[in-house]
Amino acid sequence: HSYGKIHIVIKLPIYAFQDGNLLIFDACLEGANIDVVSDEMAVFSTQIDENGCVELPESLEGEFELRLYVGENVFSGWIEL
């Protein structure tokens, strides 16, 4: 019999910590893309740096949808700036 490898990925919740306009993710998310969205339009886009951090512009104020792109998956949540 020939057996193929099965690759199982366990998806854990993704947590981010917010300190003002600084978002801190797990460093394993380095390079993942982030969009800050208002009215279904991205108003700011960036990547998570090597420390797991994203600094958002001070000019962003209010409630926004935060979209995190990891591989083919999109995770979203709401943030208040």
Side-chain angles (χ1 to χ4, degrees):
H1 285 0
S2 173
Y3 295 98
K5 289 184 179 178
I6 297 174
H7 183 67
I8 298 174
V9 177
I10 299 171
K11 299 202 181 300
L12 299 175
I14 293 177
Y15 294 100
F17 298 95
Q18 181 179 357
D19 182 7
N21 282 43
L22 180 67
L23 303 178
I24 304 166
F25 295 88
D26 191 294
C28 73
L29 292 171
E30 174 188 351
N33 292 314
I34 296 272
D35 283 345
V36 177
V37 178
S38 178
D39 296 325
E40 292 301 314
M41 190 170 80
V43 294
F44 181 74
S45 297
T46 190
Q47 287 188 335
I48 297 175
D49 72 16
E50 66 276 1
N51 299 312
C53 297
V54 169
E55 189 158 358
L56 303 176
E58 295 286 335
S59 60
L60 293 177
E61 292 184 4
E63 187 177 62
F64 297 91
E65 181 184 3
L66 184 72
R67 294 182 186 166
L68 169 64
Y69 302 90
V70 181
E72 295 181 6
N73 299 303
V74 180
F75 301 89
S76 67
W78 292 90
I79 57 170
E80 182 77 32
L81 297 173

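In what follows, every heavy atom counts, from backbone to side chain, and hydrogens, waters and symmetry copies are set aside.
Asn21 contributes atom CG, which lies 8.5 Å from atom CD of Glu61 (distance to the nearest 0.5 angstrom). The line from CD1 of Ile34 to CZ of Phe75 is 11.0 Å long, rounded to the nearest 0.5 Å.
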Could you pull out every donor-acceptor pair under 3.5 Å between side chains of residues 50-57 and any protein atom, sequence neighbours left out?
none

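One hydrophobic cluster, built from ILVMFWY side chains closer than 4.5 Å, holds both Leu60 and Ile79.
Other residues sharing a hydrophobic cluster with Tyr69 under the 4.5 Å side-chain heavy-atom criterion for ILVMFWY residues are Val74.
Ala42 is linked by a side chain to side chain contact (heavy atoms under 4.5 Å, CB included) to Asp35, Ser45, counting only residues two or more places apart in sequence or in another chain. Remark: Glu63 engages Trp78, Glu80 in a side chain to side chain contact (heavy atoms under 4.5 Å, CB included) (not counting sequence neighbours). Scanning for side chain to side chain donor-acceptor pair (under 3.5 Å) contacts around Glu40 gives Arg67, with sequence neighbours left out. Listed by chain and number, the residues in a side chain to side chain donor-acceptor pair (under 3.5 Å) with Thr46 amount to none (sequence neighbours excluded). A search for side chain to side chain donor-acceptor pair (under 3.5 Å) contacts involving Asp49 returns nothing, not counting sequence neighbours.
Checking each of Val37, Asp39, Leu81 against Phe64 for a side-chain contact (heavy atoms from CB on, under 4.5 Å) leaves exactly one that passes, namely Leu81. Each of Ile24, Leu68, Asn33 was checked for a side-chain contact (heavy atoms from CB on, under 4.5 Å) with Ile48, and the lone residue meeting it is Leu68.
Counting only residues at least two apart or on different chains, no salt bridge (Lys or Arg N to Asp or Glu O under 4.0 Å) pair has a member in residues 15-32.
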